[in-house]
Amino acid sequence: MAAGPWGWGPVALALLLALLLGGARRLRRRYAAGGARASLRGRAAAAARMDGVRALLVTAHPDDEAMFFAPTVLGLGRAGARPAVLCCSAGNYYNQGEIRKKELEQSCFLLGVPASNVTVIDHRDLPDNPAVEWDTRLLAAFVLKHIEANNINLVVTFDAGGVSGHANHISLYTALRQCRDQSREPQSSSVNWKISESTPFFLSGRTIFCRCNT
């Protein structure tokens, strides 16, 4: 039987209104949930910011910054940190140290590190040589001096295997471990270290991150 003007018509209208109201409520809940998630993402992004962080990448040779740490340096810059590079040799294994120092500055510029934040240690006891283990005490002294002179509060260097197994790389890891261990002794250092074996956000290869408060 067909619905008259006062039969099924009002019922159908009521059902339609109920469906529309229910859909509107679901949409409001969905938008509210989406807004909450966006807010959480915004807070997480803000927490990941590293404004005020003065980061020091400690490398062994010119080209290490590009071969092993480019994503790390770029990520630090994007997060608001101020990266600097301390290179512990001129890379003179093939008697091209002066050329490689210039290449280092150019590479760092492309990574967002100005030449004023690039330092090269050219010391006769720290030769570019894969067969030579560097003096870790000498290295530690250079690094700590640079940290304190520049108010560094984040240090990045190689892992225990030197990433590539290079003896000079491994010496850097050992030296920074010694810095961290010595700083735990009373009155041994003004630097407090916190080391994480893996930091996924800025990890490039396998990298050691040392947090320190000067």
Side-chain angles (χ1 to χ4, degrees), residues 48-89 91 104-105 107-108 111-123 126 133-164 166-185 188-214:
R49 292 288 300 173
M50 302 183 75
D51 297 312
V53 170
R54 295 172 299 281
L56 179 66
L57 171 62
V58 184
T59 64
H61 320 103
D63 77 17
D64 290 345
E65 77 293 336
M67 290 180 65
F68 305 113
F69 299 101
T72 301
V73 176
L74 291 169
L76 287 167
R78 282 195 297 267
R82 288 180 291 169
V85 173
L86 177 63
C87 185
C88 296
S89 81
L104 172 65
E105 287 191 2
S107 172
C108 287
L111 293 172
V113 183
S116 58
N117 286 353
V118 179
T119 303
V120 177
I121 299 171
D122 195 359
H123 195 282
L126 301 174
E133 294 183 5
W134 284 345
D135 183 338
T136 54
R137 289 188 178 182
L138 178 62
L139 277 174
F142 275 124
V143 173
L144 283 173
K145 182 179 180 181
H146 198 83
I147 287 171
E148 293 171 353
N150 295 277
N151 296 316
I152 299 298
N153 51 22
L154 175 66
V155 180
V156 184
T157 195
F158 298 98
D159 70 346
V163 179
S164 64
H166 197 297
N168 299 165
H169 299 180
I170 295 170
S171 297
L172 275 178
Y173 167 87
T174 304
L176 288 183
R177 277 288 185 181
Q178 289 177 357
C179 290
R180 192 281 308 269
D181 293 342
Q182 290 170 6
S183 71
R184 290 177 172 177
E185 300 174 6
S188 63
S189 172
S190 62
V191 179
N192 296 318
W193 302 74
K194 294 181 182 178
I195 295 181
S196 171
E197 292 292 348
S198 62
T199 305
F201 187 68
F202 292 124
L203 197 60
S204 65
R206 291 176 294 169
T207 305
I208 292 299
F209 283 75
C210 309
R211 277 278 192 185
C212 49
N213 300 313
T214 55

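Legend: residues meeting side chain to side chain donor-acceptor pair (under 3.5 Å) with Thr136, ordered by chain and number and at least two apart, are Gln178. Residues meeting the side chain to side chain contact (heavy atoms under 4.5 Å, CB included) test with Ile170, sequence neighbours left out: Thr174. Every residue two or more places apart in sequence or in another chain that forms a side chain to side chain contact (heavy atoms under 4.5 Å, CB included) with Val120 is listed here: Cys87, Ala90, Lys101, Leu104. His166 pairs by the ring pair (Phe, Tyr, Trp, His ring centres under 6.0 Å) definition with His61, His169, not counting sequence neighbours. Scanning for side chain to side chain contact (heavy atoms under 4.5 Å, CB included) contacts around Glu105 gives Ala115, with sequence neighbours left out. Partners of Asp122 according to the side chain to side chain donor-acceptor pair (under 3.5 Å) rule, which considers only residues two or more places apart in sequence or in another chain, do not exist here.
Closest approach of Ala175 to Leu139, counting heavy atoms only: CB-CB, 3.6 Å. Trp134 approaches Leu126 most closely through the heavy-atom pair NE1-C, 3.3 Å. Here the closest non-hydrogen pair linking Val113 and Ala84 is CG1-CA, 4.1 Å. Contact between Tyr173 and Phe158 at its shortest, heavy atoms only, is CD1-O, 3.4 Å.
Rounded to the nearest 0.5 angstrom, Thr59 OG1 and Leu86 CG are separated by 7.0 Å. Rounding to the nearest 0.5 angstrom, the gap separating the CD1 atom in Ile147 from the CZ atom in Phe142 is 14.0 Å. Between atom CG of residue Asn151 and atom CZ of residue Arg54 there is a gap of 5.0 Å, rounded to the nearest 0.5 Å.
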Stepwise side chain to side chain contact (heavy atoms under 4.5 Å, CB included) check, Val156 with Thr72: CA-CA 9 Å; Val156 184; Thr72 301; 4.2 Å; yes
Should Asn117 and Val85 be marked as a side chain to side chain contact (heavy atoms under 4.5 Å, CB included) after you check the CA-CA gap, both sets of side-chain angles, and the distance that decides it? CA-CA 6 Å; Asn117 286 353; Val85 173; over 6 Å; no
Decide side chain to side chain contact (heavy atoms under 4.5 Å, CB included) for Leu74 and Leu111; before the verdict, give the C-alpha distance in whole Å, the side-chain angles of both, and the deciding distance to 0.1 Å. CA-CA 6 Å; Leu74 291 169; Leu111 293 172; 3.9 Å; yes
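Remark: the backbone N or O of Ile152 is not paired with any side-chain donor or acceptor of Asn150 at under 3.5 angstrom. A donor-acceptor distance shorter than 3.5 angstrom exists from the side chain of Ser89 to the backbone of Ala60, with no hydrogens or angles considered. Under a 3.5 Å cut-off, the side chain of Thr157 and the backbone N or O of Val58 do form a donor-acceptor pair.
Evaluation of the salt bridge (charged side-chain N to carboxylate O under 4.0 Å, His left out) test over residues 63-88, restricted to residues two or more places apart or in two chains, returns Asp63-Arg100.
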